[in-house]
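What follows is a short report on a single structure.
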Number of protein chains: 2
Amino acid sequence: MSPLTNGSHRPDPLEHLSPREKEILPLVARGMDNREIGKTLFISEKTAKNYVTSIRKKLGLKNRTQIALFALKEGVVELEDS
Amino acid sequence: MSPLTNGSHRPDPLEHLSPREKEILPLVARGMDNREIGKTLFISEKTAKNYVTSIRKKLGLKNRTQIALFALKEGVVELEDS
DNA sequence: GAAGTTGCTTCATATCATGTACTACGAGTA
DNA sequence: TACTCGTAGTACATGATATGAAGCAACTTC
């Protein structure tokens with residue numbers, strides 16, 4: 001098993017995220033802004049904003065760049081060419 | 001050699017960054033905002049902002065989260081704790 | 001079954017941070 | 001001289017954050 005995947009010996013830091021928030025997370029982690037996230041998921045930019053805020057609070061982070069870094073550490077997304 | 005280090009078979013995407021910009025880059029890549037970067041390097045927030053803008057332009061990126069992702073891909077910084 | 005509670009999704013307003021586009025100036029240098 | 005670099009600034013546009021709240025489903029409890 002990859003060391004970056006959660007091996008159930010450690011509590012999943014993502015467990016408190018709602019399904020919708022788990023959809024938002026990888027988009028933030030790819031460097032998308034709120035407008036792009038909104039377009040991608042067919043919701044308003046405002047709603048996308050709120051999800052990002054909620055994710056950030058639940059994870060105890062200060063800004064969306066830290067969200068991206070967190071997602072990479074947790075293996076939610078890979079480092080890919082964008 | 002690590003696949004993330006530049007092996008001179010590919011032009012270094014960081015070669016156009018000034019020494020000071022190369023100092024700023026890893027700080028952005030750790031999720032610091034402009035005020036924190038300014039405090040860390042003993043320069044004004046405005047100057048930090050200018051450096052981030054310059055880096056983003058030179059690398060052809062859209063926002064500071066993409067700068068962070070770029071820095072990780074290039075091996076400028078490691079994925080570390082906070 | 002009506003009322004209350006809780007969580008999720010959605011959108012909005014107001015404020016703060018970031019991005020964009022410049023100007024400027026001294027030190028160093030090709 | 002002309003250039004880059006490092007520094008700092010103004011002004012405005014755009015994006016992000018803080019906070020509130022409406023609508024809905026599921027669930028409990030009376």
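Here is how names work: the chains are called A, B, and so on, in the same order as the sequence lines, proteins then strands, and each is numbered from 1.
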Check whether any side-chain heavy atom of [X] sits under 4.5 Å from a side-chain heavy atom of [Y], and report yes or no.
X: Lys62(B); Y: Glu36(A); value: yes
X: Leu27(B); Y: Arg30(B); value: yes
X: Asn34(A); Y: Thr47(A); value: no
X: Asp33(A); Y: Thr65(B); value: no
X: Leu41(B); Y: Arg20(B); value: yes
X: Phe70(B); Y: Leu14(B); value: yes
X: Val77(B); Y: Leu25(B); value: no
X: Tyr51(A); Y: Ile37(A); value: no

What is the nucleic acid contact for Ser18(B), judged by heavy atoms within less than 4.0 Å: base, sugar-phosphate only, or nothing?
->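 Sugar-phosphate contact only - Ser18(B) comes under 4.0 Å of backbone atoms but never of a base.
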
Restricting to nitrogen or oxygen on both sides, can you table the protein-nucleotides 19-28 of chain D pairs closer than 3.5 Å?
from	atom 1	to	atom 2	distance (Å)
dT19(D)	O4	Asn50(A)	OD1	2.8

Report all interatomic pairs (protein N or O, nucleotide N or O of nucleotides 11-16 of chain D) with separations under 3.5 Å.
from	atom 1	to	atom 2	distance (Å)
dA16(D)	OP1	Arg64(A)	NE	3.3
dA16(D)	OP1	Arg64(A)	NH1	3.4
dA16(D)	OP2	Asn34(A)	N	3.1
dA16(D)	OP2	Asn34(A)	ND2	3.0
dA16(D)	N7	Lys49(A)	NZ	3.3

Please report, rounded to the nearest Å, how far the [atom2] atom of [N] is from the [atom1] atom of [X].
X: Glu15(B); N: dT4(D); atom1: CD; atom2: C1'; answer: 16 Å
X: Gln66(A); N: dA17(C); atom1: CD; atom2: P; answer: 14 Å
X: Lys62(A); N: dT17(D); atom1: NZ; atom2: P; answer: 12 Å
X: His16(B); N: dC5(D); atom1: NE2; atom2: P; answer: 10 Å
X: Glu21(A); N: dT9(C); atom1: CD; atom2: P; answer: 7 Å
X: Ile24(B); N: dT18(C); atom1: CD1; atom2: P; answer: 13 Å
X: Glu36(B); N: dA17(C); atom1: CD; atom2: P; answer: 11 Å
X: Phe42(B); N: dA8(D); atom1: CZ; atom2: P; answer: 12 Å

Under a 4.0 Å N-O cut-off, is there an ion pair linking Lys58(A) with Glu21(A)?
->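 Answer for the salt bridge query: yes.
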
Nearest-nucleotide pick for Pro19(B), side chain only, options being dA8(D), dT9(C), dG6(D) |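 Shortest atom-to-atom distance from the side chain points to dG6(D).
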
If you check every side-chain atom of Ser44(B), which of dT7(D), dG9(D), dT9(C) has the closest atom?
-> dG9(D)

Tell me whether the OP1 or OP2 atom of dT7(D) has a side-chain N or O from Tyr51(B) closer than 4.0 Å.
->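 Answer is yes, contact under 4.0 Å.
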
